[in-house]
Structures are given as C-alpha cells and as structure tokens.
> 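Below you'll find the structure I mean.
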Amino acid sequence: MKELAAKYSAAQVEDKWYQYWLEHKCFHSEPNEKEPYTIVIPPPNVTGILHMGHVLNNTLNDVLIRKARMDGKNACWVPGTDHASIATESKVVAKLKAMGISKEEIGREEFLKHAWEWKEEHGGIILQQLRKLGCSCDWDRTRFTMEPELSEAVINTFVYFYKKGWIYKGVRMVNWDPEALTAVSDDEVIHKDTKSHFYHLKYFISDGNGHPTDKYLVIATTRPETIMADAAICVNPKDERHFWLKGKKVLIPLINREIPVIEDDYVEMDFGTGCLKVTPAHDVHDYEIGLRHNLPVLEIIDDHGRLNEKALILVGEDRFVARKKIVKMLEEAGNLLKVEDYTSPVGYSERTDAVIEPKLSAQWFLKMETLARMALETVESGRTKFIPEKYVNTYRHWMENARDWCISRQLWWGQRIPAYYLPDGSYVVEATPEAALKAAQAINPEIKAEDLRQDEDVLDTWFSSWLWPVSVFDPQKPGHPDHKPNRDLAYYYPTNDLVTGPDIIFFWVARMIMAGEEFMGKEPFSNVYFTGIVRDKIGRKMSKTLGNSPNPLDLIQTYGADAVRIGMLLCSSAGNDIFYDEAQIKQGAAFCNKIWNSYRLVKGFAVDASAQPSQAARVAMEWFKAKLSEAVLQVEDHYGKFRISDALMTIYKLFWDDYCSSYLEAIKPAFGQPVDRLTYDTTLSFFEDLLKLIHPVMPFITEELWQDLAEREEGETIMFAPAPKAVAYDAAVLEHFAMAMEAVNGVRGVRNQRNIAPKEVLTLKIKGSAFPSEVIPIVEKMGNAKVETAGGFEGVQGVGFLVRTHEMMVVLDGMVNLQEEIEKTQKELEHQQKFLAGVRGKLSNERFVSNAPAAVIENERKKEADALSRIESLESKLKQMKEN
RNA sequence: GGGCGGUUAGCUCAGCUGGUUCAGAGCACCUGCCUUACAAGCAGGGGGUCACUGGUUCGAAUCCAGUACCGCCCACCA
C-alpha cells in the first residue's frame with residue numbers, strides 16, 4: 001500500500017482512469033441477454049465547445065447511465081454531434097469572408113469542401129471535452145447527423161413523406177433571416193417586445209388622374225419604409241368614419257402611385273386610425289388580405305433586407321436606414337402627421353438575432369396535423385413521461401396548434417432536398433439522381449440526366465435530428481417503416497431516458513416523438529428529464545457577451561471533474577434554473593477530500609488480529625449497516641423520481657455525517673492502539689459500499705480508491721461493481737443510536753458552554769433504566785463520558801438536559817451556578833406546560849376526537865403522556881435544586 | 001392578449017394526495033477549537049407570522065377563491 005497524500009489531487013487521477021476505461025472498452029455496449037438501458041446524447045453542434053449547460057446536461061446523463069450499469073443493465077450511451085446548418089454555415093461564411101471570398105463566388109461544391117474542412121478541424125472538440133468530464137459514452141458508436149448513412153436516412157424520410165402526401169412545396173410567407181439568408185421555421189423566431197414608433201401618415205385622395213386632392217386619410221404604421229409596396233388601403237366595411245372613402249383611390253406619398261381603398265373585416269376599427277395600409281409582399285396578414293382581394297404583390301426588399309429598385313426611392317438602402325430617411329422625406333413632403341412611441345412584439349432570428357423579414361417565397365413544408373396528434377397522444381397517455389410534469393401543458397398547447405413545418409433552408413451545409421426539376425418546371429422527388437431520372441423519363445422519355453436540376457435548398461437540421469434515436473442504431477429504418485429493424489435497433493429502442501433543456505422541447509423532443517411513432521410505432525423514450533437553464537449567481541443567463549460563463553475545462557483543471565459534477569448537481573432540481581456558483585464546486589472538491597481522508601484514516605489503522613471489537617464498535621457496526629440500508633432505499637427512491645440532487649444529498653450526508661462523524665469516530669481506536677480485524681474489515685466493506693453508491697456521481701475518485709482497496713485484476717472496474725442493496729434492518733437500531741447521539745450532543749453542548757476540553761472525561765448520569773442500555777458505550781465513547789445509571793440525582797450538582805423523556809445530567813461538582821440552572825429548568829418547564837396545554841386543548845375538543853383518525857388521536861395521547869412525564873421530572877429536579 | 005408555473009431561513013431549495021413535538025436540508029453566518037484522517041477540517045449555535053387577504057376544516061405551509069409580485073411558453077392588431 002502506497003503512502004496516501006494528505007490532500008486529494010484530482011489531476012493525477014482522472015486522466016489515468018479515463019484512459020483505463022477506454023482501454024478496457026468499459027463504455028462499449030453490444031446487445032446481449034441483459035436488459036438494455038439506453039440514452040442518446042442530445043447532439044451538440046459539431047463545431048461547438050463545451051459550456052456550463054452541456055456540463056449540467058451530460059453530468060446528469062452520465063449519472064443515469066453509470067447508475068444503470070451498476071444496477072446490472074446493459075447500459076449504452078450513444079454520443080454524436082449535429083451538423084447545425086445555420087450555425088456552421090455562418091461560421092464558414094465568416095471565415096471565407098475574412099479571406100476575401102464569398103460563397104457565391106466559389107459555388108456550392110467548393111464551399112462544401114471548406115465546410116467539411118472546418119468540420120474536420122473544429123468538429124468533435126466538444127466530444128473530447130466530454131471525456132474530461134468523465135462521460136461514459138460508447139465512443140465506438142459516435143454518430144454525426146451529416147455522415148453518409150444518416151444523411152441517407154434523412155433523404156429517405158423526405159421521399160417517404162413526400163410520397164405519403166405530407167410534404168408539399170408552396171409559396172408562402174415565411175420568416176426570412178436577412179443575415180443568414182435563409183428561411184427559418186416559426187419556432188426559430190423569437191418575439192421580443194421592441195420599442196419603435198407609430199408613424200401617422202397622410203395619404204391624399206386621388207382626383208382620378210393621379211393628382212392629389214386636398215382630402216386625405218391617415219394610416220398608422222411602424223414600417224414607413226414599406227409604403228412603396230402598398231397595394232391598397234383597407235378599412236372595415238362597418239366603419240362609418242370611412243364610408244366616404246368607398247370606391248376612392250389614394251396616392252402613395254413620395255411616389256404618387258395610385259392604389260384603391262378596399263374593405264375587409266380584418267381591420268380593427270378601434271386600433272390605429274382604422275385605415276390599414278396593405279403591403280402584401282412584406283406582411284403576413286397583408287398577404288392574406290391581398291389574396292382575398294386579388295391585390296398585386298410588389299416586393300421592394302431584397303434578401304439582404306435592402307430596398308430594391310422597385311422601391312423607386314432609397315434604392316439600395318438597408319431597411320432600417322431607409323426607415324429613418326423616409327420619415328424625414330415624408331415630413332418634408334407634408335405627409336407625416338405625427339409620431340407616437342410604440343412598443344410591439346418583433347420577431348428576431350433565434351440564430352443570428354436579425355429582425356425577421358416576412359418574405360414571400362417557395363418553400364417546402366411538412367404537414368403536422370397527424371404527426372402532432374400522434375405525438376400528443378404519446379405524452380398524454382403517459383407512454384412518455386415528462387419530468388417535471390408541468391411541461392406536458394406546454395407541450396399540449398404547442399401540439400394542438402402546430403402549424404406546418406417549413407423544412408427547407410436556403411443554405412448549402414445540410415442534406416440537399418431530393419427534388420429534381422424538369423425543364424418544364426415540374427419536378428420529381430426521389431432518393432437518388434438515378435431514380436429521379438427514371439421517374440422523370442416516365443413523364444417525358446426524352447429527358448436526360450443533364451436536363452434535371454436538383455432543388456438548391458437543404459433541409460432544416462431538425463429534420464435530421466428528429467430521427468436521432470432511430471437512425472443512430474439503424475439508419476435504414478427512417479423512411480422505411482416496413483424495414484425490419486436491425487439487431488441494434490431492436491435491442492436498444494425505445495431508449496429509456498432523455499435529458500435535455502426545455503428550450504428544445506418543440507424543436508427536438510416533440511419531433512423525435514413524431515418520428516419515433518411514425519417509423520417505429522413506438523415512443524422513442526420513456527422519460528424526458530428537462531433541466532433548467534444555467535444562470536450565474538445573480539440570475540443572468542450565461543453568455544459570451546456578459547462574460548459570466550466560466551470555461552468548464554478550467555474548472556475541471558482546478559477542482560477536478562468529480563468536484564465540477566457535484567457542484568452542478570447540488571443545485572439542480574429538475575425543471576428549475578440552475579444558479580451556478582463556483583462555491584458549489586468548491587464544496588464538491590471538499591467532499592472529494594473528505595472521502596480521501598476518511599480512507600487515509602482507516603488505512604492508517606494498525607490491525608490486531610486477536611483483539612475483539614469494543615462495545616462501541618459493535619454497536620456502531622450494527623447501526624451503520626442499518627443506516628446504509630436506509631439510505632440505499634432513499635437513494636433508490638430519489639433516483640426513481642429523477643431527484644438526482646436529493647439522491648446526491650442523501651449520499652453526501654450519509655458519508656459525511658453518518659460514516660465520518662459518527663461511525664468512524666465510534667470505532668476509532670485510542671491513539672496508538674490497534675483496531676481489531678472484524679472492525680477493520682467491516683469498515684472497509686462499508687467504505688466500498690459507499691464508494692459504489694457515489695460512483696455514478698463521482699466516477700474518478702471512487703475508481704481510484706476502489707482500486708486501492710483490494711487487489712484488482714487488470715480490467716476490473718468499479719463501473720461494473722453491483723450497486724449496494726438494502727437489507728432488512730431493525731428500525732429500533734437506528735432509533736436507539738439516534739438517542740445515543742442526542743445524549744452525546746447534550747454532553748458536547750455542556751462542554752462547549754463551559755469551555756471544558758474534549759479530553760476531559762465527564763460523568764453523565766441517566767435517570768432510571770429505560771434508556772436503551774446497548775447504546776451507552778456509544779454515549780461514553782463519543783461524549784468522552786462515564787455513564788452512570790444507578791441512583792437518583794439527589795445531592796448531585798450538574799447541568800441537566802432531556803433526551804426524549806430521559807433525564808440526564810452532566811455532573812459538575814462545584815462548577816454550577818445553581819440559580820442559572822433553576823432558571824433554565826423553570827423556562828423549560830413552562831415550555832413543556834404550554835405544549836401540554838396545546839395537546840390537551842386538542843384532545844378535549846369533542847370534534848377533534850370524533851373526526852380525526854385513530855392514529856392521529858393516538859399520537860396526541862402519546863404526546864400528552866410524554867409531556868407529562870417530562871414535566872414531572874422537571875418539577876422534581878426543580879424542587880431538588882431549590883432544596884440544595 | 002392567451003396559457004402554465006412559482007412566492008417557505010441571508011442564498012439555493014425540499015416539504016407527495018391536510019394530522020409523526022413540522023417548520024426542514026445544504027451553503028452562508030456566529031462562537032470555540034491547528035484534538036496526530038481531513039482548517040477543503042472538528043464541536044456547538046442563532047435564524048422563517050411558510051407573499052398577502054379571505055374561505056373550507058376539529059386541524060392549513062399543504063385544499064379553494066381573490067390580490068400582489070416573479071418567471072416561462074405561445075401569440076398577426078397594422
């Protein structure tokens with residue numbers, strides 16, 4: 001046995017054991033006869049780096065997977081990354097831009113080469129970082145959403161839904177991100193209340209020849225830069241104020257284009273001026289009004305958010321610059337009536353934070369109706385449970401209102417939509433160009449391969465990640481519901497638990513459920529555990545710009561991965577946001593050190609094979625055995641309810657308070673004395689159980705000590721050591737020990753108050769013989785006191801206290817201020833009398849006695865009896881003290 | 001605007017379908033200790049009208065209603 005350092009050093013331990021686990025393939029899983037326990041990782045962005053949110057999430061995942069492994073299940077945690085089309089593409093675009101290259105210049109193929117290079121260079125860093133955290137992922141199964149097999153799955157899925165009639169292409173108003181230059185789905189738009197202005201503009205009535213009369217109407221708009229695209233002015237047909245406008249034409253300010261006044265119920269009479277400018281090309285509702293009234297669509301904003309030549313004025317200006325300028329022009333032209341401050345919700349792109357521009361364009365959509373209905377049923381029926389449950393409401397609301405999913409993106413990094421256009425503009429959808437050619441030739445036999453043009457768009461990244469729980473095992477399955485699942489899929493699917501943030505409940509969780517139900521006819525996981533968002537100490541979200549996000553790797557470097565894991569878990573109850581505080585990680589590090597030193601203590605004992613355990617040691621061993629079982633049951637219960645931080649706290653207290661502060665102190669031999677064999681062996685076996693109990697949370701230090709505990713075979717690991725099981729125990733054992741500790745606390749309290757050194761042996765008198773005698777050795781050992789149960793307290797001076805109903809006194813001849821003691825006792829007596837009065841009040845209440853359950857009444861009677869007994873002894877004590 | 005959740009100690013939270021001497025935990029704080037495993041430690045201690053108001057009940061932190069504040073999700077009033 002090597003010398004153990006006085007402090008635990010994580011740095012020297014963690015990499016060593018991670019390597020060991022890798023070398024012995026401890027994380028790898030293959031289907032076998034055991035029950036599977038499966039988790040698929042929420043795939044991080046391939047080019048992302050580890051942040052505190054990942055740490056929280058993956059720590060939880062790892063705790064669950066390690067727990068399952070020790071419970072004897074065949075645990076499989078599939079890792080991987082997501083290609084994150086918008087995020088990655090914009091990074092590559094930025095990089096090229098720095099080199100003076102634009103993506104249009106080099107074209108799709110060349111661009112993708114750069115993108116793949118980028119991916120190879122930066123991709124998977126995050127997976128390396130997860131290793132530092134101790135994550136026991138099956139790295140042999142690492143997947144990437146854009147690897148060939150998974151891309152094929154995505155394409156097959158597209159073709160499948162297209163042929164099913166659920167995918168369609170349509171010209172719609174979509175959310176256009178002028179920075180990323182792509183459409184995004186409704187879910188990727190974040191509405192934020194934004195301060196702006198309400199501009200009241202005069203539109204003069206036309207005389208019929210394109211000249212203004214002196215009459216005018218007033219519209220109110222937040223977007224004056226779009227007036228050049230106006231197609232009409234709309235009023236409510238019931239609005240008497242505007243009857244005179246019927247059939248009139250008005251002139252758009254500045255450009256003097258004539259537009260009609262139309263009527264539509266959509267316009268609210270009591271909002272704004274009751275006159276609405278209709279701009280079909282740049283507003284969703286206006287577009288719909290336009291459809292109803294056959295209005296022309298005039299688009300004046302280009303993809304970058306700049307005014308184009310159709311605007312006639314301010315051409316080339318950015319929309320926000322144009323807004324400022326046009327306001328001035330309107331003012332000068334006499335069209336600006338007034339400007340009000342106004343706050344309204346504005347849509348921002350989730351990815352780029354650019355203000356979303358509603359834009360009319362041809363996009364691909366997936367019908368949600370049936371999928372949403374199925375996926376709602378999965379959760380409502382409880383086949384998939386949400387933890388915490390409150391998210392079911394959120395989920396239901398979304399599922400009941402799900403709109404068709406815009407799945408096309410005007411990007412290159414992603415799976416390209418397998419639609420192939422014929423020269424006449426019609427198209428076919430097939431998984432491969434060959435199949436597409438065949439299909440096209442069925443329409444027109446003349447068609448050659450080079451006549452076909454594939455759709456330029458790629459698919460939304462979520463359109464690949466929604467297949468994740470299926471495709472990581474069997475990429476052939478999605479898109480082919482009739483395909484017989486391969487061995488892996490049949491064994492590992494459905495997965496057990498999913499741990500993720502609530503921010504992607506719709507993006508990802510809901511859609512995985514849809515895909516799982518559609519292709520497997522079964523939910524993809526049994527439980528979804530939603531973590532909170534990691535915030536800083538004062539509640540702000542962690543962000544790069546605030547600089548309040550620590551680098552997890554630095555923390556691991558400083559405190560060790562075990563400490564970081566503990567720190568995150570300590571404050572993480574499900575569904576609550578996490579207020580990150582480095583102090584918690586320090587607490588974790590302190591715990592590591594505590595574990596380390598408790599081992600050092602025991603390992604430092606000299607063992608005398610012939611000696612017998614002391615009385616105190618015998619009692620302590622019996623007690624701790626029971627205590628351990630009790631804790632195991634509690635821990636199991638907590639895990640079962642996904643109360644991971646509670647499970648951790650239970651173990652933490654078991655280790656620190658019960659094992660270290662109570663048990664070890666009870667069995668500790670006198671200085672320089674050996675310990676007997678039985679006590680020694682039992683203690684180490686308790687310690688081993690504790691290590692196993694904590695291992696899922698603190699994998700490294702537990703492995704280090706477990707390996708040191710005994711000779712282990714090469715390749716053996718605590719990872720597969722069976723978790724400690726609870727055994728039947730006698731509750732009285734726990735109860736009596738607790739009473740002994742209360743007596744000990746009483747003695748210690750007296751010492752503290754009177755500054756009596758711990759080394760000085762005291763005498764503790766216990767009145768009567770009812771106090772459980774078997775734990776008296778504990779009282780003596782831990783209180784460093786001699787216990788006397790014989791005889792009364794007559795003529796003895798000391799400080800008294802009560803343990804339950806047992807009267808005790810620390811003998812302190814000549815050191816007691818009698819008056820003080822009398823006052824203290826008097827106070828205690830009054831307290832007890834009040835308590836008794838309360839209990840008796842209840843018991844004398846007719847309605848309580850007749851209504852309350854028998855057990856409750858019984859308990860009240862016991863309280864009464866206990867109080868009476870205490871009062872009696874206090875009174876006699878008082879009397880005695882006064883006589884002295 | 002609609003919906004959901006929350007408010008318990010200085011901080012972060014637990015307290016399940018009302019009744020264990022129910023007001024708890026961890027951290028922080030205060031006091032005393034460098035007692036030969038650990039000062040990243042040991043021993044002891046203080047601290048809360050359970051947001052507010054009313055109701056139901058023999059009994060409410062717990063159930064109901066309303067109020068206030070906080071947070072989240074959804075949402076097209078220009």
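The basis for the numbers below is simple: all heavy atoms, side chains too, and nothing from hydrogens, waters or symmetry mates. Proteins come first, then strands; the chains are lettered A, B, ... in the order of their sequence lines, and each starts at number 1. None of these values were measured; they are calculated from a predicted model.
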> What's A/Arg804 touching, base or sugar-phosphate or nothing? Going by heavy atoms closer than 4.0 Å.
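Answer is nothing: A/Arg804 stays at 4.0 Å or more from every strand.
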> What are the two closest heavy atoms between A/Glu828 and A/Leu802, and how far apart are they?
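Shortest heavy-atom separation between A/Glu828 and A/Leu802 comes out as OE2-CD1, 4.4 Å.
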> Would you mind telling me which of B/A39, B/A43, B/A78 lies closest to the side-chain atoms of A/Thr221?
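Of B/A39, B/A43, B/A78, B/A78 is nearest to the side chain of A/Thr221.
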> Using a 4.0 Å heavy-atom cut-off, does A/Ser661 contact any base of the nucleic acid, only the sugar-phosphate backbone, or nothing at all?
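Touches sugar-phosphate only.
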> Can you find a side chain N or O atom of A/Lys594 that sits less than 4.0 Å from OP1 or OP2 on B/C42?
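Affirmative; the distance criterion is met.
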> Do the side-chain N or O atoms of A/Trp656 get closer than 4.0 angstrom to the phosphate oxygens (OP1, OP2) of B/A37?
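No, outside the criterion.
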> Is A/Arg751 touching bases, backbone alone, or none of the nucleic acid, heavy atoms closer than 4.0 Å?
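Nothing: the residue A/Arg751, judged by heavy atoms under 4.0 Å, touches no strand.
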> Using the C1' atom on both, measure B/G44 against B/U7 and round to a whole Å.
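That atom pair is separated by 33 Å.
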> Just name whichever nucleotide pairs with B/G24, Watson-Crick or G-U, keeping both distances under 3.5 Å, else none.
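Partner of B/G24: B/C13.
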> Is the phosphate of B/C76, meaning OP1 or OP2, less than 4.0 Å from a side-chain N or O of A/Arg223?
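Checking B/C76 against A/Arg223, no side-chain N or O comes under 4.0 Å of OP1 or OP2.
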> Within less than 4.0 Å of OP1 or OP2 of B/A40, is there a side-chain N or O belonging to A/Asn593?
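Checking A/Asn593 against B/A40: no side-chain N or O falls below 4.0 Å of OP1 or OP2.
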> Categorize A/Asn745 for me: base, sugar-phosphate, or nothing, with a 4.0 angstrom heavy-atom threshold over every strand shown.
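Counting heavy atoms under 4.0 Å across all strands, the contact made by A/Asn745 is with sugar-phosphate only.
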> Please classify the nucleic acid contact of A/Pro358 as base, sugar-phosphate, or nothing, using heavy-atom distances under 4.0 Å.
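The answer is nothing, as A/Pro358 stays clear of every strand by at least 4.0 Å.
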> If pairing requires Watson-Crick or G-U wobble contacts with both distances under 3.5 Å, which nucleotide is the partner of B/A78?
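Paired with no nucleotide.
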> Looking at B/C76, B/G44, B/G32, which one has an atom nearest to any side-chain atom of A/Tyr266?
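Output: B/C76.
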> Does any N or O donor sit under 3.5 Å from an N or O acceptor when you compare the side chain of A/Arg535 with the base of B/U12?
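When only heavy-atom distances are counted, A/Arg535 does not reach the base of B/U12 through any donor-acceptor pair under 3.5 Å.
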> How close do A/Leu709 and A/Lys603 get, heavy atom to heavy atom, and via which atoms?
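Smallest interatomic distance, heavy atoms only, reads O-NZ, 4.4 Å.
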> Closest approach to the side chain of A/Ser344, judged atom by atom: which nucleotide of B/C74, B/A78, B/U20 is it?
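The listed nucleotide nearest to A/Ser344's side chain is B/A78.
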> Of all the choices, B/A78, B/A14, B/C38, which nucleotide is nearest to the side chain of A/Arg643 once you look at every atom?
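When the side chain of A/Arg643 is considered, B/A14 is the closest of B/A78, B/A14, B/C38.
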> Check the pair A/Glu735 / A/Arg804 against salt bridge (charged side-chain N to carboxylate O under 4.0 Å, His left out), numbers first and verdict last.
CA-CA 11 Å; A/Glu735 181 63 9; A/Arg804 316 287 165 97; 2.3 Å; yes
> Could you go step by step and tell me if A/Arg861 and A/Glu858 meet the salt bridge (charged side-chain N to carboxylate O under 4.0 Å, His left out) rule?
CA-CA 5 Å; A/Arg861 291 205 196 286; A/Glu858 193 46 47; 5.1 Å; no
> Which listed nucleotide (B/G19, B/C58, B/C38) is nearest to the side chain of A/Asn845?
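Nearest to the side-chain atoms of A/Asn845, counting from C-beta on, is B/C58.
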> Partner lookup for B/A65, please. Criteria are Watson-Crick or G-U wobble with both distances under 3.5 angstrom; report none if nothing qualifies.
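Checking every strand shown, B/A65 finds its partner in B/U53, with both distances under 3.5 Å.
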> What contact category does A/Glu858 fall into here, base, sugar-phosphate, or nothing, at under 4.0 angstrom with non-hydrogen atoms?
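Nothing, no heavy atom under 4.0 Å.
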> Determine the contact category for A/Ala220: base if any of its heavy atoms lies under 4.0 Å from a base atom, sugar-phosphate if only primed atoms, P, OP1 or OP2 are that close, otherwise nothing.
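Result for A/Ala220 = base.
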> Between A/Asn401 and B/A75, is there a contact of a side-chain N or O with OP1 or OP2 at under 4.0 Å?
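No, no such contact exists.
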> Is there a side-chain polar atom (N or O) of A/Asn393 under 4.0 Å from OP1 or OP2 of B/C73?
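No, A/Asn393 has no side-chain N/O under 4.0 Å of OP1/OP2 on B/C73.
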> Ring-on-base stacking between A/Phe835 and B/U21, under 5.5 Å between centres and under 30° between planes: is it there?
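By the stated criterion, A/Phe835 and B/U21 stack.
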> Determine the interatomic distance between C1' on B/G47 and the same-named atom on B/C30; round to the nearest Å.
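It comes out at 11 Å once rounded to the nearest Å.
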> Both distances under 3.5 Å, Watson-Crick or G-U wobble: report the partner of B/A60, or none.
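Per the H-bond distance test, none.
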> Nearest to the side chain of A/Tyr652 - B/A78, B/G26, B/C38?
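Of B/A78, B/G26, B/C38, B/G26 is nearest to the side chain of A/Tyr652.
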> Report the nucleotide, chosen from B/C58, B/A43, B/G2, that has the shortest atom-to-atom distance to any side-chain atom of A/His397.
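Nearest listed nucleotide: B/G2.
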> For a quick test of reading the model: is some side-chain N or O of A/Thr394 closer than 4.0 Å to OP1 or OP2 of B/G3?
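No, A/Thr394 has no side-chain N/O under 4.0 Å of OP1/OP2 on B/G3.
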> For B/G5, which nucleotide is its Watson-Crick or G-U wobble mate, given both distances must be under 3.5 Å?
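Per the H-bond distance test, B/C70.
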> Should B/C42 form a Watson-Crick or G-U wobble pair with both distances under 3.5 Å, which nucleotide is its partner?
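Because both required distances fall under 3.5 Å, B/C42 counts as paired with B/G32.
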> Establish whether the base of B/A28 is bridged to the side chain of A/Gln587 by a donor-acceptor pair shorter than 3.5 Å.
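No, the side chain and the base share no sub-3.5 Å donor-acceptor pair.
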> Taking OP1 and OP2 of B/A78, is either one under 4.0 Å from a side-chain nitrogen or oxygen of A/Tyr342?
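Affirmative; the distance criterion is met.
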> Name the residue from A/Tyr680, A/Phe605, A/Phe686 that meets the side chain to side chain contact (heavy atoms under 4.5 Å, CB included) definition with A/Ile667.
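Passing option: A/Phe605.
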> Using atom C1' in both nucleotides, what's the gap between B/G45 and B/U56 to the nearest angstrom?
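My reading of the C1' atoms in B/G45 and B/U56 gives 41 Å.
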> Categorize A/Val267 for me: base, sugar-phosphate, or nothing, with a 4.0 angstrom heavy-atom threshold over every strand shown.
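A/Val267: base contact, heavy atoms under 4.0 Å.
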> Within the modelled atom types, does a donor on one side and an acceptor on the other bring the side chain of A/Lys390 and the base of B/C4 under 3.5 Å apart?
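Result: no qualifying N/O pair found.
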> Do A/Tyr663 and A/Thr683 have a side chain donor and acceptor closer than 3.5 Å?
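Yes, A/Thr683 and A/Tyr663 have a side-chain donor paired with an acceptor closer than 3.5 Å.
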> Would you indicate which nucleotide in B/A75, B/A40, B/G19 comes nearest to any side-chain atom of A/Pro345?
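Side chain of A/Pro345 sits closest to B/A75.
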> Taking the ring of A/Tyr342 and the ring of A/Phe198, is the distance between their centroids below 6.0 Å?
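Centroid distance A/Phe198-A/Tyr342: below 6.0 Å, so yes.
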> With P as the reference atom in both, quote the distance from B/U17 to B/A65 in angstrom, rounded to an integer.
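15 Å, rounded to whole Å.
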> With C1' as the reference atom in both, quote the distance from B/G18 to B/G59 in angstrom, rounded to an integer.
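Approximately 8 Å lies between the C1' atom of B/G18 and that of B/G59.
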> Side chain of A/Asn859 only, please: which of B/U21, B/U12, B/G44 is the nearest?
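Closest nucleotide among those given: B/U21.
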> Any side-chain N or O of A/Lys277 below 4.0 angstrom from OP1/OP2 of B/A78?
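Negative; the distance criterion is not met.
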> Look at all strands and tell whether A/Lys653 reaches a base, only sugar-phosphate, or nothing, counting heavy atoms closer than 4.0 Å.
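Sugar-phosphate contact only.
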> Locate the shortest heavy-atom distance separating A/Ala402 from A/Met368; write the atom from each residue and the value.
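It is CB-CB, 4.1 Å.
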